Amino acid sequence: MTHIPFLDLLANYDECRQEIDEAYHRVMNSGKWILGPELEQFEAEYAAYCGTRHCIGVGNGLDALYLALKALQIGPGDEVIVPAHTFIATWLAISRTGATPVPVEPYADTFMPDANRIESCITPRTRAVIAVHLYGSIAGIEEITDLCITHNIPLIEDAAQAHGAQSSRARAGNHGIMGCFSFYPSKNLGACGDGGAIVTNDPDMDRTLRTLRNYGSCTRYQHDIEGINSRLDELQAAMLRVQLPLLDMRNERRRILAEQYIECLRDIPGLHLPLQGTRESHVWHLFVLRSTARNALQQHLQHQGCDTLIHYPRPVYRFAPFERFAPAYETRADRLTATILSLPMGPHLSVADVNHICEQLRNFHHPRAVME
Ligand SMILES: *Cc1c(COP(=O)(O)O)cnc(C)c1O
């Protein structure tokens with residue numbers, strides 16, 4: 001039986017094996033493994049790609065978000081507006097500063113909160129809005145950007161799933177004061193270990209972030225602010241420099257696969273397919289559909305050898321660390337997370353793989369058609 005894995009990181013390596021191996025030896029032989037030329041060059045290259053003035057490489061995506069909030073001096077007593085439906089890291093970055101996450105409910109079709117919902121969460125204590133480009137879609141960011149400008153509230157983009165996504169105005173990460181990225185290996189742009197970055201056009205933020213990521217120090221053994229240790233290391237920067245030039249092509253492959261899914265599945269009743277928006281606005285980190293028979297469908301696909309996952313099984317406030325923020329009633333995010341299912345997505349998939357998955361989905365919904 002065919003087995004279709006959800007993800008295959010070795011396929012990424014195979015595509016640029018020689019360059020990765022060369023980069024590895026280059027860095028190892030340099031003897032400079034932290035804060036060296038690879039990081040400097042990657043930062044310049046990634047800033048150019050995002051269209052921002054600055055890029056600061058850090059240890060991972062969670063640290064990128066945490067440091068962005070710290071650079072704005074957000075802490076206890078402050079409120080940060082954040083989607084109820086996101087990966088837990090977005091919330092953990094806020095709670096780590098001592099600030100209070102204020103959840104905003106998603107809109108079912110786009111999975112993301114719209115500007116009106118965000119506006120109703122603003123209070124005199126609101127110090128930032130974090131917009132998450134969940135699953136790779138940047139749709140709706142223009143309205144959120146304008147809302148934040150109107151209310152004079154800093155906008156931070158959690159673009160950990162949206163490397164290269166483009167709105168009508170700019171690339172992901174270049175709409176608010178800072179954009180945060182993760183280079184976890186499975187992301188659209190992934191390192192061979194942990195990594196992250198913050199992009200910004202603001203020279204003060206750039207200076208502060210460089211200091212914060214390196215023990216609060218710009219000059220060796222001078223510590224001006226209370227920083228942490230979170231640096232993108234030379235090996236990971238070199239791995240990312242090999243893969244950045246492949247990003248647009250890999251995102252394009254994801255778009256073609258997503259279009260194939262949508263084409264093959266659109267007439268199946270009971271399935272809600274993800275909205276595409278403009279082509280450039282979505283980089284399909286994940287292909288997430290909704291089904292009222294989600295659990296049975298997932299089981300069926302597993303029996304047919306198709307791996308699926310659920311991103312994410314519950315809204316963040318239903319997990320133990322954040323239960324104190326959970327409403328007592330069933331929310332929109334609760335209902336949404338009960339129906340979502342992520343199909344395999346990534347440059348490792350072939351047209352035949354997607355056809356196979358679609359066929360299994362069809363069989364689930366029309367079992368008789370197979371027998372006739
Ligand atoms: C992956 C991810 C993060 C965290 O990134 P790490 O590098 O794993 O710390 C944050 N937010 C979102 C939306 C993510 O998908």
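Keep in mind the model is a prediction, meaning the values are calculated, not measured. Remember, it's 1-based here, ligands and their atoms both numbered in the order they're listed. Start at 1 with the first residue, then count along the sequence.
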### Task
List the steps and the verdict of salt bridge (Lys or Arg N to Asp or Glu O under 4.0 Å) for Glu234 and Lys32.
CA-CA 7 Å; Glu234 287 289 285; Lys32 178 103 189 147; over 6 Å; no
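Under the 4.0 Å criterion applied to side-chain N and carboxylate O atoms, Glu38 and Arg241 are assigned as salt-bridge partners.
In this structure, the ring of Tyr312 has its center no less than 6.0 angstrom from the ring center of Phe319.
Annotation: cation-pi pair Arg171/Tyr49 present, NZ/CZ under 6.0 Å from the ring centroid and within 45° of its normal.
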Filter the ligand 1-protein atom pairs down to N or O on both sides and distance under 3.5 Å, then list them.
residue, atom, partner, partner atom, Å
ligand 1, 5 (O), Ser182, OG, 3.2
ligand 1, 7 (O), Gly61, N, 2.8
ligand 1, 7 (O), Ser182, OG, 2.6
ligand 1, 9 (O), Gly61, N, 3.2
ligand 1, 9 (O), Leu62, N, 2.9
ligand 1, 11 (N), Asp158, OD1, 3.3
ligand 1, 11 (N), Asp158, OD2, 2.8
ligand 1, 15 (O), Gln161, NE2, 2.8
ligand 1, 15 (O), Lys187, NZ, 2.6

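Applying the side-chain contact (heavy atoms from CB on, under 4.5 Å) test between Leu232 and each of Leu39, Asp194, Leu35, Asp63 identifies Leu39 as the sole match.
With sequence neighbours excluded, no residue satisfies salt bridge (Lys or Arg N to Asp or Glu O under 4.0 Å) with Arg324.
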